[in-house]
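Letters A, B, ... are given to chains in the order of the sequence lines, protein chains preceding strands, and every chain is numbered from 1.
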Protein chains: 2
Amino acid sequence: MDQIQIFTDYLRQQGLKNTSQRMVILEVFLNSNLHYSTEELYLKLRKSHPRIGYATVHRTLKLLAECGLASELNFGDGQTRYEPCRGGQHHDHLVCTRCGKIIEFVEPRIEKLQEEVAERYGFKIMSHRHELYGLCSDCSVASES
Amino acid sequence: MDQIQIFTDYLRQQGLKNTSQRMVILEVFLNSNLHYSTEELYLKLRKSHPRIGYATVHRTLKLLAECGLASELNFGDGQTRYEPCRGGQHHDHLVCTRCGKIIEFVEPRIEKLQEEVAERYGFKIMSHRHELYGLCSDCSVASES
DNA sequence: TAAGAAAATGAAAATTACTTTCAGAAAAGT
DNA sequence: ACTTTTCTGAAAGTAATTTTCATTTTCTTA
Ligand SMILES: [Mn+2]
Ligand SMILES: [Mn+2]
Ligand SMILES: [Zn+2]
Ligand SMILES: [Zn+2]
């Protein structure tokens, strides 16, 4: 089942309506590989769809997160970001604090160990965040003075 | 060297002044094992020291983070929290999304693997966040209906 | 297809956490 | 004690997010 179907099904099931704005926002969001903040996505959308308001973008991103099509990220810059969940492999992030670059990583051994930690405390993990902050390779070189 | 000494040394070194408010805030902060938000610490302090303002608490917590006596935490509830750094072992957190309980965990194997991940990308880690969200053992039991 | 009921939209206002401003108070060097 | 510098607390300002509300749109039901 594709993502548009997932979204329309979710809307129906919740008694919500399928609007053109919601479809446009979903489409633009899915066709990106970025980690958009609400503001950034709003600005991008405004170029092709100038009538869409900031509040609608915000509300739609929240809906997408609710139905599992987006995940909320927070890299400590004071803005919530969203990325498409493509149902693929889970990943975590390396965040360059100098240039802002975001690198995605997959490390099943860490995922496994964190489950082990949870068990140790009888804790049931629903979600997690694992972010490594520092300098990307470009920025490490650039900062050697 | 104790923490009060570290703080007073830091103040002097930065040309800042040693005030009674700063000392009181440091003391109350250190004598807690909680993960306080600025608001929470301000409210606690207000009971014994009603003249201390919110802004001073905020500025002092920032100072403590600067000099390494506190670390800033962010559990996605929109408030920055602070915990004392007791110079001991680094730890990460399990956060119960139902009752708010925070459990600290230490897992050197994860720390090691994340260094390995960083190397893979030529990335230099300066800090990291690793938080597991879900239900603590009490709340898992309570939510079985 | 035409209501009618329900929900969505966009602009503006409100909220929230945080940060800054500023005038008077306190600290520290001389 | 004097003088300079920093601090303090209240209030104002910011910035991201959330809510409000009048109007428009969707969607079910005749
Ligand atoms: Mn990502
Ligand atoms: Mn802790
Ligand atoms: Zn970089
Ligand atoms: Zn709990």
Side-chain angles (χ1 to χ4, degrees), chain A residues 4 7-26 28-29 35-67 70-82 100, chain B residues 4 7-29 35-67 70 72-82 100:
Chain A
I4 292 173
F7 191 44
T8 52
D9 286 359
Y10 179 76
L11 291 176
R12 164 144 322 184
Q13 171 208 325
Q14 299 287 309
L16 306 177
K17 289 173 179 169
N18 189 339
T19 67
S20 62
Q21 289 92 332
R22 283 174 175 166
M23 288 303 127
V24 165
I25 294 167
L26 175 58
V28 170
F29 176 68
H35 303 84
Y36 277 121
S37 66
T38 307
E39 177 75 16
E40 286 166 358
L41 184 57
Y42 165 68
L43 291 175
K44 175 169 175 71
L45 277 160
R46 204 167 58 169
K47 292 177 191 162
S48 49
H49 300 81
R51 316 293 306 273
I52 294 185
Y54 180 96
T56 301
V57 176
H58 172 262
R59 287 184 284 227
T60 303
L61 285 171
K62 286 277 182 192
L63 272 180
L64 293 175
E66 264 174 51
C67 71
S71 42
E72 291 190 16
L73 306 172
N74 206 281
F75 295 145
D77 64 348
Q79 283 189 291
T80 301
R81 295 175 180 281
Y82 296 85
Chain B
I4 292 172
F7 191 45
T8 52
D9 285 359
Y10 179 76
L11 291 175
R12 165 144 323 181
Q13 171 207 325
Q14 299 286 309
L16 305 176
K17 288 172 179 170
N18 189 338
T19 67
S20 63
Q21 288 93 333
R22 284 175 174 164
M23 288 303 126
V24 165
I25 294 167
L26 174 59
E27 191 178 313
V28 171
F29 176 68
H35 302 84
Y36 277 121
S37 66
T38 307
E39 178 76 15
E40 286 166 357
L41 183 57
Y42 165 67
L43 291 175
K44 175 167 175 73
L45 276 160
R46 204 167 58 167
K47 292 176 192 161
S48 48
H49 300 80
R51 317 294 306 274
I52 293 186
Y54 179 95
T56 300
V57 176
H58 173 262
R59 289 184 282 227
T60 303
L61 284 171
K62 286 278 183 190
L63 273 180
L64 293 175
E66 265 174 51
C67 71
E72 291 191 16
L73 306 172
N74 206 281
F75 296 145
D77 64 348
Q79 283 189 291
T80 301
R81 293 175 181 281
Y82 295 84

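Side chain Lys17(A) to base dA6(C): a donor-acceptor pair is found below 3.5 Å.
At a threshold of 4.0 angstrom between heavy atoms, the contacts of Ser37(B) with the nucleic acid are absent.
In this structure, Leu61(A) atom CG and dA8(C) atom P are separated by 16 Å, rounded to whole Å. Here dC7(D) presents its P atom at 9 Å from CZ of Arg59(B), a figure rounded to the nearest Å. If you take CZ of Arg46(B) and P of dG9(D), they are 13 Å apart, rounded to a whole angstrom. One atom, CG of Leu73(B), and another, P of dC18(C), lie 12 Å apart when rounded to the nearest Å. At whole-Å resolution of the value, CG in Leu16(B) and P in dT5(D) are 14 Å apart.
Residue order along DNA chain C, read from the 5' end via each residue's closest nucleotide, puts Arg22(A) first among Gln21(B) and Arg22(A).
Checked against Val57(B) for a side chain to side chain contact (heavy atoms under 4.5 Å, CB included), the options Val24(B), Leu43(B), Val28(B), Ile25(B) give a single hit: Ile25(B).
When distances are taken from the side chain of Arg51(A) to each of dG10(C), dT19(C), dT20(C), the shortest belongs to dG10(C). Considering only side-chain atoms of Arg12(B), the nucleotide from dT17(D), dC18(C), dG29(C) that sits closest is dG29(C).
Contact check, Thr80(A) against dT17(D): a side-chain N or O comes under 4.0 Å of OP1 or OP2. Contact annotation: Lys62(B) side-chain N/O to dT19(C) OP1/OP2 distance is under 4.0 Å.
Note: Glu66(B) CD to Phe7(B) CZ = 9.5 Å, rounded to the nearest 0.5 Å.
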